[in-house]
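Sequential numbering from 1 along the given sequence is applied to the chain's residues. Because the structure is a prediction, the values reported are computed rather than measured.
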Amino acid sequence: MSKRYRFIILLIVLTVCFLFLWPSIRWYFFTPRDQQTLAQGSRQQIRTYSSEAASADLQRIIEASRTSDAVPSDLEYLIPIAKKTYRDYNLSVPSTLNSKTVLEAFSSRREAMDAIENKYRNEIFAIKDLQRSAVKLGLDLSGGLSIVLQTNLDSVSQRLGGRPLNEEDRIDAMNRALEVLNSRIDRFGLTEPVIRRQGNDQIYVEIPGTADPERINDIIMGKGSLTFHLENSEATEAFYRYYLANPTSTFDASGNLINQYIIPDNTMVLGVYTKDRYGLDEQRKNLDGTLSYIVVDKEIGLDGNYIEEANVERNNMDGKPEVIFRLSPEGGEIFYQLTSLNIDRNLAIVMDGRVRSAPRISTGIRERGTITGFDADSAANLALVLRTAALPVELEVASQQSIGASMGEDTINQGLYALLGGISLVLVFLLVYYKGAGVNAVIAQLLNFYIMFSVLSALSFTLTLPAIAGFILTIGMATDANVIIFERMKEEMRLGKSRKAVIEAGFAKAFWAIMDSNITTFIAALFLSQLGSGPIRGFAVSLSIGVFSSVFTALFVSRLIFDFGTDVMKSKDLSVSWTTRIEEANSVSSAKGAGL
């Protein structure tokens, strides 16, 4: 391959790596600390902040509108929104858009506040997405919580009617518990948790960053229930007649029904909830503005633990999303009896006392059911509810440890000192011992380091101390590859070969020695990544990436730099050692040829 194509390939690789690395650079160097704190908060905290900030901004523009002042500079994004609103209502856009005319474009103060709040919300969620794309710091670097949960597998047996559990049942219960915990913790906007099995009956949870232990316990220890109930439509109509006549005296401060006699004894009133703009639960409203409720039978038609799978698919006829769920054989029999005897009735899907959906039963369903009538986001949310809402096993906190951020900061500094110290010593050795060729090796090492971090950023990798150890080991391996190449070059130089011949022979003879050592290292790292977990897997992943990047920089980049000096810079000399140079070797060869 010609130098031109190799140079183009190198430029492409460096450009792609920069794109991979850019989210991490933006997050750690260009995102202010206060914005990082907001983005790492829960969705509830983001909603509270956005609402309060929007309210304050709305008050400012209202005050400015009273004197027809110009729109405050930080609120000028409202001007194009106002222009669009005027055009949408077929109104002429005022020649001068000041605070008063901008405010008049909105039909109400609520609409103006929503526009401002959307700006804050979108900005914070954009930063939140940026944080997900950046390299993250693990528990040992950023501090956080470490929790060991003990599972009570006997509770699973009780839910299954006392049937003893086999090994497959235990594994399934643990896997579903892991999925539920992942879903719960992620919904609260916490920094990428580490959740994995520990032994046969424990779950280990790591939550990096600042977190409230009591709040985390509430999330983890919540029972989590998913049940199916039949709606009592007559009772629902009777309830609404009473509710519309007594809107302020139907429920107490805790949301409990005050007059229990307005519905039958075997029923209960539940609110219907959906997701708001922040992904938080919000009670749905009817067309008349009243909150949405339905009355359902207290008797549980089907427990959510019988659901084995739930996914979103597209209808073959109209392409609309629908939720497909599959039940266990035992659950299928129960569900078939329930649905076949109650066709044309609504079946409420209830999670933690809140109705998520109430589809109409159109036919008897045995093991595979379909729920329609949703957009793509709502269908995905319902599938997640069906799959993860019911916690299949009771959990108890076996141990809990809090690691302070200051300890993590000290660990970061120590890790950086070790990493930079190791790199510095290696680079100094290469420069001192191999002279001009050492400069080549230093450039290759820096590019090696750059590529490794770029790939880790693309994978949204969580950086831990073992991962840093993998980096340091990779740097040593990359240096070893350069040393093998340079020593081969020395041998060729002693034979009196030209610069070009020395370079070609040095790389050719060192190729398989380098490949053999790196292939064996990669195989070991592959086994560690598959069989290990946590810190061991982090070490293995960073080592695997380092193997590929070090081979690329040692055999591809370093060779390109040497060839550039030979063919473009027209260099005849090759500086690889303090004792041997190309010119000296050629002199010795000429003397031998002359018989001197």
Side-chain angles (χ1 to χ4, degrees), residues 1-3 5-21 419 422-423 426-427 429-431 433-434 437-459 461 466-492 502-530 537-565 576:
M1 185 183 296
S2 67
K3 292 185 298 300
Y5 288 125
R6 282 185 287 163
F7 182 69
I8 292 174
I9 290 174
L10 178 60
L11 288 180
I12 292 173
V13 170
L14 295 180
T15 302
V16 172
C17 287
F18 179 79
L19 296 177
F20 288 162
L21 194 59
L419 185 61
I423 293 175
V426 167
L427 298 185
F429 167 78
L430 291 173
L431 289 172
Y433 193 79
Y434 289 108
V439 176
N440 184 318
V442 167
I443 296 173
Q445 285 282 25
L446 294 176
L447 289 178
N448 176 40
F449 201 63
Y450 169 75
I451 292 173
M452 281 194 296
F453 262 106
S454 300
V455 175
L456 291 178
S457 181
L459 298 176
F461 188 75
I468 294 177
F471 285 145
I472 297 174
L473 178 58
T474 302
I475 291 169
M477 293 179 58
T479 303
D480 181 64
N482 289 120
V483 168
I484 293 174
I485 294 171
F486 295 162
E487 292 301 323
R488 290 290 188 183
M489 285 183 177
K490 285 183 181 180
E491 294 175 1
E492 300 301 318
V502 166
I503 293 171
E504 290 179 353
F507 276 91
K509 292 182 179 181
F511 179 83
W512 283 114
I514 294 172
M515 292 301 296
D516 288 345
S517 62
N518 282 277
I519 288 173
T520 53
T521 303
F522 177 76
I523 292 173
L526 185 64
F527 274 91
L528 285 175
S529 65
Q530 295 300 315
R537 179 171 294 177
F539 170 81
V541 170
S542 62
L543 182 59
S544 301
I545 295 172
V547 166
F548 281 100
S549 63
S550 63
V551 169
F552 175 76
T553 54
L555 297 179
F556 189 90
V557 177
S558 183
R559 175 65 184 271
L560 180 62
I561 296 174
F562 276 121
D563 288 346
F564 181 83
V576 184

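In this structure, Phe511 and Arg488 have side chains that are not in contact, with every pair of non-hydrogen atoms separated by 4.5 Å or more. Between Val502 and Lys490, the closest side-chain pair of non-hydrogen atoms is not below 4.5 Å. For the pair Thr474 and Thr521, the minimum side-chain heavy-atom distance is 4.5 Å or more. Looking at heavy atoms from C-beta onward, Asn440 lies out of side-chain contact with Leu430 at the 4.5 angstrom threshold. With a 4.5 Å cut-off on side-chain heavy atoms, Phe556 and Ile9 count as touching. A 4.5 Å side-chain heavy-atom check between Leu10 and Phe552 finds at least one atom pair inside the cut-off. Side-chain contact between Ile485 and Ile514 is present, with heavy atoms from C-beta onward closer than 4.5 Å.
When all heavy atoms of Ala458 and Phe20 are compared, the closest pair comes out as CB-CG, 3.4 Å. Residues Ser454 and Cys17 approach most closely at OG-O, 3.1 Å, considering heavy atoms. Residues Phe564 and Lys3 share a closest heavy-atom pair of N-CD, 4.2 Å. Between Pro466 and Ser542, the shortest heavy-atom contact is O-OG, 4.4 Å. Counting all heavy atoms, side chain and backbone alike, Met452 lies closest to Ser549 at CG-OG, 3.1 Å. Taking every heavy atom of both residues into account, Val576 and Phe486 meet most closely at CG1-O, 3.7 Å.
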Item to complete: Would you please test Gln445 and Thr553 for side chain to side chain donor-acceptor pair (under 3.5 Å) and show each step?
Response: CA-CA 7 Å; Gln445 285 282 25; Thr553 54; over 6 Å; no

Practice prompt. Would you sort out whether Phe522 and Phe548 count as a ring-ring contact (aromatic ring centres under 6.0 Å, His included), showing the intermediate values?
Written response: CA-CA 9 Å; Phe522 177 76; Phe548 281 100; 5.2 Å; yes

Discussion item. Evaluate Val439 against Tyr434 for side-chain contact (heavy atoms from CB on, under 4.5 Å), listing each step before the verdict.
Written reply: CA-CA 8 Å; Val439 176; Tyr434 289 108; over 6 Å; no

Item to complete: Verify side-chain contact (heavy atoms from CB on, under 4.5 Å) between Ile545 and Leu459, making sure each step is shown before the conclusion.
Response: CA-CA 11 Å; Ile545 295 172; Leu459 298 176; 3.9 Å; yes

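Leu560 CG to Leu555 CG: the interatomic distance, rounded to the nearest 0.5 Å, is 12.5 Å. Interatomic distance, Leu446 CG to Ile451 CD1, rounded to the nearest 0.5 Å: 11.0 Å. In this structure, Ser517 OG and Ile484 CD1 are separated by 5.5 Å, a value rounded to the nearest 0.5 Å. Atom-to-atom distance recorded for Asn482:CG and Met477:CE is 12.0 Å, nearest 0.5 angstrom.
With Ser558 contributing its side chain and Ala444 its backbone, the two residues share no donor-acceptor pair below 3.5 Å. One N or O on the side chain of Tyr450 and one on the backbone of Phe18 form a donor-acceptor pair closer than 3.5 Å.
For Phe471 and Phe453, the gap between ring centers is short of 6.0 Å.
A 6.0 Å sphere centred on CZ of Phe429 holds more than 12 heavy atoms belonging to other residues, nucleotides or ligands.
With hydrogens and angles left out, the side-chain atoms of Asn448 and Ser550 include no donor and acceptor closer than 3.5 Å.
Evaluation of the salt bridge (Lys or Arg N to Asp or Glu O under 4.0 Å) rule for Glu504 yields no partner, not counting sequence neighbours.
Sorted by first and then second residue, the pairs that involve residues 509-524 and meet salt bridge (charged side-chain N to carboxylate O under 4.0 Å, His left out), not counting sequence neighbours, are Glu492-Lys509.
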